[in-house]
**Q** 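So that we are looking at the same thing, I have put the structure below in structure tokens.
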Amino acid sequence: MSEIQWQEPLCGGGGNACLQIGHTRAGTPIIRETTRPDELIATTREGLRNLIEAAKRGDLDHLV
């Protein structure tokens with residue numbers, strides 16, 4: 001995969017469960033868990049936007 005520019009990890013509760021979101025040079029959003037840096041999830045801007053909006057609405061609260 002092409003070079004990815006990563007944002008700072010998003011960590012909660014002071015533990016090691018951190019997610020990172022980045023993007024390729026082409027603008028493809030990529031998500032990974034920092035403890036598994038070689039396992040990448042590629043999505044679309046729309047897919048990432050939908051995920052963020054669902055989290056903001058609380059639609060994913062049952063998963064945690």
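The figures that follow rest on heavy atoms only: side chains count, while hydrogens, waters and symmetry mates do not.
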**Q** Which pairs with one or both residues in residues 39-56 pass salt bridge (charged side-chain N to carboxylate O under 4.0 Å, His left out), sequence neighbours excluded?
**A** R36-E39
**Q** How close do L19 and E33 get, heavy atom to heavy atom, and via which atoms?
**A** CD2-CA, 3.9 Å
**Q** Find the distance between CD1 (I41) and CG (L51) and round it off to the nearest 0.5 Å.
**A** 9.5 Å
**Q** With rounding to the nearest 0.5 angstrom, report the CG to OG1 distance, L40 to T28.
**A** 12.0 Å
**Q** I'd like to know if W6 and I31 are part of one continuous hydrophobic network [Ile/Leu/Val/Met/Phe/Trp/Tyr, side-chain heavy atoms within less than 4.5 Å].
**A** no
**Q** Would you say Q20 and Q7 make side-chain contact, with heavy atoms under 4.5 Å?
**A** no
**Q** Under 3.5 Å, sequence neighbours excluded: what are the donor-acceptor pairs made by side chains of residues 57-64?
**A**
residue : atom : partner : partner atom : Å
R57     : NE   : D59     : OD2          : 2.8
R57     : NH2  : D59     : OD2          : 2.7
H62     : ND1  : D59     : O            : 3.3

**Q** If two hydrophobic side chains count as joined below 4.5 Å and joins carry through other members, does L48 share a cluster with I30?
**A** no
**Q** Heavy atoms only: give me the nearest G47-T43 pair and the separation to one decimal.
**A** CA-OG1, 3.8 Å
